[in-house]
Amino acid sequence: MKLLFIHSDHLEFEAKQKAGGGDLAETDGVPMEGRMEECVTVFTTVESGDEEDLDAVVDNAATELRDVADQLNTTNVVLYPYAHLSEDLAGPDAAKTVMRNLEAELTGEFDVLRSPFGWYKSFEVSCKGHPLSELSRHVSAHRDEEKDPEETEEREPSDWHVMTPDGDLQGAVGAKSDVNEDMQAFIEDEVEGIEKGAGDEPPHIELMKEKSLVGYDELSDVGNLRWYPRGKLVRDCLMEYVNDLVVEYGGMPVETPIMYDLGARAIDEHAGKFGERQYRFESGDRRMMLRFAACFGQFSIMRDMYISENDLPLRVYEMSTYSFRREQRGEVAGLKRLRAFTMPDMHTATEDMAQAREELVAQAKLALQTSEDLGINYEPAIRMTREFFEENREWVQEVVDDLGKPALIEVLPERHHYWSAKIDFAAIDGLGRPIENPTVQIDVESAERFGIEYHDGEGSHHTPILHYSPSGGIERVLAAILENTATMDTPRLPTWLSPTQVRFIPVQDHVEYCDELVDRLAERNLRADVDDRDESVGKRIARAETDWVPYYVVVGDREVEGDTLGVNVRETGEELDMSVEELLETVDEDVGELPRKRRYLPKHLSKHPNFTGN
RNA sequence: GCCUCGGUAGCUUAGAGGUAAAGCGCGUCCUUGGUAAGGACGAGAGCCCGGGUUCAAAUCCCGGCCGAGGCUCCA
């Protein structure tokens with residue numbers, strides 16, 4: 001809601017003509033003309049985000065108004081509906097409700113004159129012109145806890161348990177002694193609300209800058225990152241990894257638009273559920289939004305398809321570059337929380353709840369596999385409504401057994417969101433705080449809202465739909481990987497993600513020989529480069545160390561003339577004698593089946609520009 | 001969004017009303033090096049942006065932008 005306060009000598013209005021059609025114009029309970037002296041005139045625009053909680057908006061607006069009236073030392077208030085303060089209007093019914101309720105809220109405390117909604121009106125206002133006589137405020141539907149202590153009581157707290165693979169269920173806090181360190185940290189954060197690492201910067205933020213991977217860009221909005229070649233390579237490898245994994249599983253890749261028309265009912269409803277955290281804008285005469293996940297486009301595809309029961313489960317997949325969430329300013333942090341992020345997103349239309357449950361487990365297990373490949377430890381949390389838990393208790397036990405590790409169990413008294421059950425996986429960062437990454441959820445609402453149906457011999461049916469991200473957002477995956485490095489003796493990336501996998505350091509002018517070795521590695525799609533700079537050996541080795549190169553080799557007369565290389569293995573700090581062939585084999589095995597992309601930077605270090613780490 | 005702290009060379013930081021510093025990096029030269037940083041010289045600064053106070057502002061004040069942390073939040 002937008003409010004424009006004018007401290008006025010007087011305000012006078014007269015309704016002239018109804019605006020819009022139907023019963024838009026208010027006729028009952030408001031005067032058609034009026035005048036007030038020595039007042040604060042409040043031009044008011046109710047916005048779409050306010051519809052989330054009209055009572056909260058009224059309360060917050062009243063608070064602002066009291067504050068302003070107090071400063072201006074007046075008790076006369078004119079409430080004047082004025083659509084032109086925002087481009088994102090609430091529906092007329094909501095707007096009228098807010099105006100009426102605000103009037104009711106203020107009456108008694110103030111002398112209130114309200115001007116009617118939905119009319120073209122003439123008005124005259126005389127602004128006093130002192131420094132505080134024109135003020136504007138933005139009020140949201142967000143409840144401030146301090147102002148409304150009773151509000152926090154409203155949502156009943158969840159029950160928390162830990163379930164072990166053998167089916168044993170116990171209270172989460174009591175189970176802490178039986179689980180590993182990460183799960184303990186997870187319970188402390190989720191259940192006990194214990195803050196850890198207060199005041200410290202998470203290590204990944206400095207690393208992403210220092211290693212020239214990712215940086216901020218002041219010319220963009222907050223939480224929109226830029227990727228330098230080294231980071232871009234890591235990012236592309238991660239994306240390729242996830243794409244391959246999902247396609248292998250049976251996801252069918254698509255690509256869908258990043259912006260949607262809020263004029264479409266299904267879009268408006270789906271978007272409306274998620275409150276204010278969206279990028280919204282006008283384009284021509286349309287109100288648009290940027291997607292916050294790939295649901296919109298994929299649901300739209302499914303809606304337009306003729307889906308036979310034989311097509312189920314139907315898995316539509318997309319690497320959403322980008323999804324957008326306008327997180328609050330102070331919530332955005334490093335790679336952990338962004339406004340523009342990259343979410344691998346698959347939606348699966350299923351025949352019925354039985355198939356949905358089956359898919360949920362299979363997809364959860366696939367998520368756990370990324371844990372292996374990425375070297376990130378994940379702790380699972382199964383969250384569901386009490387109703388779901390009671391109906392599916394045995395099945396939940398099977399799930400935990402299948403996942404093969406203890407799971408945090410959250411039982412919600414009632415359904416708040418579109419899902420009835422979901423499984424999240426959390427990595428624990430260097431400060432003991434969770435980074436929630438993969439997730440799979442059973443959505444019981446969207447098929448109906450978007451008109452997604454499948455057809456069998458009998459007729460058509462709405463489908464339960466799974467939302468799935470096998471890895472979580474790509475940026476968060478990198479955050480988790482970098483956080484991991486902070487606890488290592490020798491911090492490093494896995495070889496398959498290292499921008500340079502092998503570096504050669506020539507002495508006695510053996511650059512050409514090194515170039516040949518680079519080419520031999522390239523034949524196997526392995527990334528090598530040559531530090532041909534005119535620097536001391538010690539200095540170039542220091543550079544290989546700070547560049548986190550997993551294998552580096554000094555190449556001089558001995559190597560060119562002999563048949564072994566002294567290969568420095570960063571992980572162990574050992575120098576091993578290997579033939580060229582052995583080096584190739586070692587690196588080859590190290591990368592294994594994981595993606596192999598070409599180098600993004602020149603072969604010679606002397607040609608590497610310094611990208612600023614910002 | 002609110003609160004606290006910060007923004008000085010490409011990077012990391014020192015300085016605190018009166019001519020703007022250092023290390024790293026960069027350039028040139030010397031060194032032709034054998035496993036974590038060889039030497040010399042040099043270039044490089046709208047001191048985040050906009051206002052204000054002052055003879056004088058990077059420095060003090062106000063507003064904004066960006067970053068970190070805290071609150072809230074992550075659908």
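Reminder, nothing fancy here: chain letters follow the sequence lines and each chain counts from 1. Worth knowing before you read on, the calculation uses all heavy atoms, side chains too, and leaves out hydrogens, waters and symmetry mates. All values derive from a computational prediction rather than experimental measurement.
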Checklist entry - Considering only the P atoms, how many Å lie between C11(B) and A68(B), rounded to the nearest integer? => result 16 Å
Checklist entry - Taking the C1' atom of each, how far is G39(B) from U32(B), in whole Å? => result 14 Å
Checklist entry - Between A75(B) atom P and Q441(A) atom CD, what is the distance in whole Å? => result 8 Å
Checklist entry - Taking for each residue the nucleotide of RNA chain B with the nearest heavy atom, is it K422(A) or D200(A) whose nucleotide lies nearer the 5' end? => result D200(A)
Checklist entry - Contact class for P202(A) (heavy atom, under 4.0 Å): base, sugar-phosphate, or nothing? => result sugar-phosphate
Checklist entry - Between U35(B) and C26(B), how far is it from one P atom to the other, in whole Å? => result 22 Å
Checklist entry - Rounded to whole angstrom units, what separation is found between the NE2 atom of H608(A) and the P atom of C26(B)? => result 13 Å
Next on the checklist: Under 6.0 Å from the ring centre and within 45 degrees of the ring axis: does the NZ or CZ of R235(A) meet both conditions for the six-membered ring of W227(A)?
Outcome noted: yes
Item to check | Base C74(B) to side chain R277(A), donor-acceptor N/O within 3.5 Å cut-off | outcome: no
Checklist entry - Quantified in whole Å, what is the C1' atom distance between nucleotide C49(B) and nucleotide U13(B)? => result 22 Å
Next on the checklist: With a 3.5 Å limit on both atom pairs, tell me what G33(B) is paired to, counting Watson-Crick and G-U wobble, or say none.
Outcome noted: none
Item to check | Length of the CG-C1' vector between L335(A) and A68(B), whole Å | outcome: 14 Å
Checklist entry - Could you write nucleotides 34-50 of chain B as a row of B, S and -, 5' to 3', where a protein heavy atom under 4.0 Å of any base atom gives B, of only sugar-phosphate atoms gives S, and otherwise -? => result BBBBS------------
Item to check | Whole angstrom value for the distance that separates P of G7(B) from CG of D217(A) | outcome: 21 Å
Item to check | Interatomic distance where CG belongs to D345(A) and P belongs to A75(B) [whole Å] | outcome: 13 Å
Next on the checklist: Can you measure L338(A) atom CG to C74(B) atom P for me and round it to whole angstrom units?
Outcome noted: 17 Å
Item to check | Nearest-angstrom distance from the residue atom CE of M1(A) to C1' of G1(B) | outcome: 18 Å
Checklist outcome for this item: By the Watson-Crick or G-U definition, both distances under 3.5 Å, A58(B) is matched with none
Next on the checklist: Of the listed nucleotides (C71(B), G69(B), C74(B)), which one gets closest to any side-chain atom of E195(A)?
Outcome noted: C71(B)
Next on the checklist: If the threshold is 4.0 Å, N to carboxylate O, is there a salt bridge linking R325(A) and E331(A)?
Outcome noted: no
Checklist entry - Expressed as a whole number of Å, how far does the C1' atom of G44(B) sit from that of A9(B)? => result 6 Å
Next on the checklist: Taking the C1' atom in each of A37(B) and U72(B), what is the distance between them to the nearest angstrom?
Outcome noted: 46 Å
Item to check | All side-chain hydrogen bond (donor to acceptor under 3.5 Å, both in side chains) counterparts of K232(A), not counting sequence neighbours | outcome: D236(A)
Item to check | Results of side-chain hydrogen bond (donor to acceptor under 3.5 Å, both in side chains) for Y468(A) - residues two or more places apart only | outcome: none
Next on the checklist: Let's test this: given Watson-Crick or G-U wobble pairing with both distances under 3.5 Å, identify the partner of G63(B).
Outcome noted: C49(B)
Item to check | E327(A) (side chain) donor-acceptor with V332(A) (main chain) under 3.5 angstrom | outcome: no
Checklist outcome for this item: Judged by nearest nucleotide, the residue sitting upstream toward the 5' end of RNA chain B, G334(A) or Y418(A), is G334(A)
Item to check | Whole-Å distance separating the CD atom of E327(A) from the P atom of A68(B) | outcome: 14 Å
Checklist entry - Do the charged groups of R540(A) and E535(A) touch, with an N to O distance under 4.0 Å? => result no
Item to check | K607(A), NZ atom: more than 12 neighbouring heavy atoms under 6.0 Å | outcome: no
Checklist entry - Mind checking who A16(B) pairs with, Watson-Crick or G-U wobble, both distances under 3.5 Å? => result none
Item to check | G-U wobble or Watson-Crick pairing nucleotide for G23(B) (cut-off 3.5 Å, both distances) | outcome: C11(B)
Item to check | Which nucleotide in A75(B), U72(B), G69(B) has an atom nearest any side-chain atom of F292(A) | outcome: A75(B)
Checklist entry - With a 3.5 Å cut-off and just heavy-atom distances, do the side chain of R329(A) and the base of C66(B) make a donor-acceptor pair? => result no
Item to check | Pairwise C1' distance for A16(B) and C47(B), with rounding to whole Å | outcome: 12 Å
Next on the checklist: Please determine whether the number of non-hydrogen atoms from other residues, nucleotides or ligands lying under 6.0 Å from atom CG of D221(A) exceeds 12.
Outcome noted: yes
Checklist entry - What integer number of Å spans the C1' atoms of A45(B) and U8(B)? => result 8 Å
Item to check | From G25(B), G67(B), G1(B), nucleotide with atom closest to Y216(A) side chain | outcome: G67(B)
Checklist outcome for this item: Across every strand shown, the nucleotide meeting Watson-Crick or G-U wobble geometry with C73(B) (both distances under 3.5 Å) is none
Next on the checklist: Let's test this: given Watson-Crick or G-U wobble pairing with both distances under 3.5 Å, identify the partner of U28(B).
Outcome noted: A40(B)
Item to check | Lys/Arg-Asp/Glu bridge criterion (N-O < 4.0 Å) met for E483(A), R476(A) | outcome: no
Item to check | Salt bridge R415(A)-E445(A), side-chain N to carboxylate O under 4.0 Å | outcome: yes
Checklist entry - Hey, does R433(A) reach any base, or is it just sugar-phosphate, or nothing, if we go heavy atoms under 4.0 Å? => result sugar-phosphate
